[in-house]
Undergrad: 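What follows is a single structure, and I will ask about it in a moment.
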Amino acid sequence: MTKVLIAGFTGAMGQKAVRLVQNSDGYELVAGFASGLSSSDPKDYGLPANVAIFGNLNDIQTDADIWIDFTLPSAVYANTKFAIEHGIHPVIGTTGLTDEQVSELQVLASKKGLGGLIAPNFGMSAVLLMKFAQEAAKYFPDVEIIEMHHDNKADAPSGTALSTAKLIDQVRPQHEQGNPDETESLSGVRGGDYHGIHIHAVRLPGYVAHEQVLFGGPGEALTIRQDSFDRQSFMSGVKVAMDHVLDLKELVVGLENVL
């Protein structure tokens with residue numbers, strides 16, 4: 001049995017990950033971690049008595065093989081570092097890691113000889129959107145990104161939108177788009193700017209996770225869109241990550257690396 005610890009197990013995504021592990025042959029949920037818990041009794045969270053519950057990172061003692069993380073941007077770096085340092089393969093669904101933090105974690109994982117996965121998005125539609133957008137950017141260098149999420153999302157832009165911009169930037173011809181004399185009468189109205197690619201973040205109740213990549217060219221336009229209507233849609237990607245992470249020899253970024 002492959003043993004799994006879920007960090008952020010009390011949250012919406014964490015709860016779905018708990019059910020995924022419990023319903024997957026060959027996997028065993030051995031621990032749950034969520035910062036600041038008032039109880040360490042697994043029964044209080046509807047979990048079997050043999051699941052260890054931790055409310056403080058430094059109290060964790062486990063023989064877990066995989067660390068699945070759906071916590072907060074403010075906690076994900078420390079959590080991932082802890083997992084790597086303790087020989088637990090990380091599967092990170094929490095966004096908010098900076099490029100510098102990812103590089104540091106990759107160096108640490110390499111020193112430990114430990115594989116892991118950081119996934120900006122576990123949804124298959126989102127992974128395909130990023131791949132399609134990167135291909136389209138070779139022909140449509142003028143592009144903007146709109147991402148739409150629920151109003152409780154902690155970070156902006158989303159990790160998926162930022163990853164999309166990075167993938168586009170890798171292939172987009174050297175290009176200056178828009179009006180060089182443009183001014184904003186309302187500060188920030190043109191969104192964030194990643195190497196000339198504008199990213200707009202929408203936060204509204206009723207939404208889950210959605211993204212549009214808009215390309216414009218002379219006399220034509222191309223829009224690529226994906227919609228995640230239910231968080232359950234992410235679990236197929238989490239299962240793929242669980243099935244492959246023990247075979248990885250380094251800390252990789254992007255679910256497409258294990259598909």
Side-chain angles (χ1 to χ4, degrees), residues 1-9 13-14 17-18 20-22 24-35 50-124 126-127 130-131 159-160 162-163 166-167 170 234-259:
M1 297 287 282
T2 300
K3 298 179 180 180
V4 180
L5 177 152
I6 298 177
F9 77 98
M13 286 293 290
V18 165
L20 172 68
V21 173
Q22 291 178 320
S24 296
D25 293 337
Y27 293 93
E28 178 186 3
L29 180 66
V30 297
F33 164 59
S35 182
N50 63 338
V51 178
I53 300 298
F54 303 98
N56 188 298
L57 186 65
N58 294 321
D59 291 339
I60 295 177
Q61 296 185 30
T62 181
D63 60 350
D65 304 298
I66 299 174
W67 175 296
I68 297 176
D69 198 292
F70 288 112
T71 56
L72 295 170
S74 58
V76 62
Y77 174 75
N79 291 351
T80 310
K81 184 177 181 182
F82 181 94
I84 294 171
E85 288 177 337
H86 289 80
I88 310 172
H89 296 262
V91 173
I92 308 301
T94 311
T95 57
L97 287 167
T98 66
D99 291 343
E100 292 75 17
Q101 288 174 330
V102 171
S103 295
E104 290 174 13
L105 293 168
Q106 287 176 323
V107 170
L108 179 61
S110 180
K111 290 179 179 179
K112 289 282 186 178
L114 189 79
L117 173 69
I118 299 171
N121 198 306
F122 282 108
M124 294 300 178
V127 172
M130 289 186 277
K131 292 173 72 70
T160 306
L162 190 55
S163 292
K166 291 177 180 178
L167 289 170
Q170 290 175 9
F234 303 123
M235 290 303 107
S236 59
V238 176
K239 181 60 164 58
V240 169
M242 288 165 49
D243 290 343
H244 291 85
V245 70
L246 297 184
D247 297 325
L248 294 175
K249 305 302 181 186
E250 58 185 344
L251 181 61
V252 300
V253 179
L255 184 66
E256 64 273 13
N257 290 293
V258 297
L259 291 177

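Just so it is clear, the model here is predicted, and its values are computed rather than measured. Starting from 1, each residue takes its place in the sequence as its number.
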Undergrad: Test your reading of the model: is there a side-chain donor-acceptor pair from Thr160 to the backbone of Pro120, 3.5 Å cut-off?
TA: yes
Undergrad: Please report the closest heavy-atom contact between Thr94 and Pro73, naming both atoms and the distance.
TA: CG2-N, 3.8 Å
Undergrad: Side-chain contact test, heavy atoms from C-beta onward, threshold under 4.5 Å: evaluate it for Ile60 versus Leu5 and give yes or no.
TA: yes
Undergrad: List the steps and the verdict of side chain to side chain contact (heavy atoms under 4.5 Å, CB included) for Met235 and Met13.
TA: CA-CA 9 Å; Met235 290 303 107; Met13 286 293 290; 3.7 Å; yes
Undergrad: Applying ring-ring contact (aromatic ring centres under 6.0 Å, His included) as the test, list every pair that has at least one member in residues 234-254; sequence neighbours left out.
TA: none
Undergrad: With a 4.5 Å limit on heavy-atom distance, are the side chains of Val245 and Val258 in contact?
TA: no
Undergrad: Is there a side-chain contact between Phe33 and Thr62, using heavy atoms and a 4.5 Å cut-off?
TA: no
Undergrad: Give, for atom CG of Leu114 and atom NZ of Lys249, the distance between the pair rounded to the nearest 0.5 Å.
TA: 10.0 Å
Undergrad: Does Ile68 reach the side chain of Met242, with side-chain heavy atoms less than 4.5 Å apart?
TA: yes
Undergrad: Residues two or more places apart in sequence or in another chain: which of them pass salt bridge (Lys or Arg N to Asp or Glu O under 4.0 Å) with Lys3?
TA: Asp63
Undergrad: So, Asp59 side chain and Gly55 main chain: donor-acceptor pair closer than 3.5 Å or not?
TA: no
Undergrad: Which heavy-atom pair separates Ser163 from Met130 by the least distance, and what is that distance?
TA: CB-SD, 3.8 Å
Undergrad: Taking side chain as C-beta onward, heavy atoms only, is Lys81 less than 4.5 Å from Leu108?
TA: yes
Undergrad: Decide yes or no for Phe9 and Leu29: does some side-chain heavy atom of the first lie under 4.5 Å from some side-chain heavy atom of the second?
TA: no
Undergrad: Residues in salt bridge (Lys or Arg N to Asp or Glu O under 4.0 Å) with Lys239, at least two apart?
TA: Asp243
Undergrad: side-chain hydrogen bond (donor to acceptor under 3.5 Å, both in side chains) with Asp65: which residues, sequence neighbours excluded?
TA: none
Undergrad: By salt bridge (Lys or Arg N to Asp or Glu O under 4.0 Å), which residues pair with Asp99, not counting sequence neighbours?
TA: Lys166
Undergrad: Is there a side-chain contact between Gln106 and Val253 (heavy atoms, below 4.5 Å)?
TA: yes
Undergrad: Rounded to the nearest 0.5 Å, how far does CD1 of Ile84 lie from CD of Glu104?
TA: 11.0 Å
Undergrad: Can you list the residues that meet the ring-ring contact (aromatic ring centres under 6.0 Å, His included) rule with Phe82, with sequence neighbours excluded?
TA: Trp67, His86
Undergrad: Can you tell me if CD on Gln61 sees more than 12 non-hydrogen neighbours from other groups inside 6.0 Å?
TA: no
Undergrad: State, with a plain yes or no, whether a side-chain heavy atom of Leu57 is found less than 4.5 Å away from one of Ser35.
TA: no
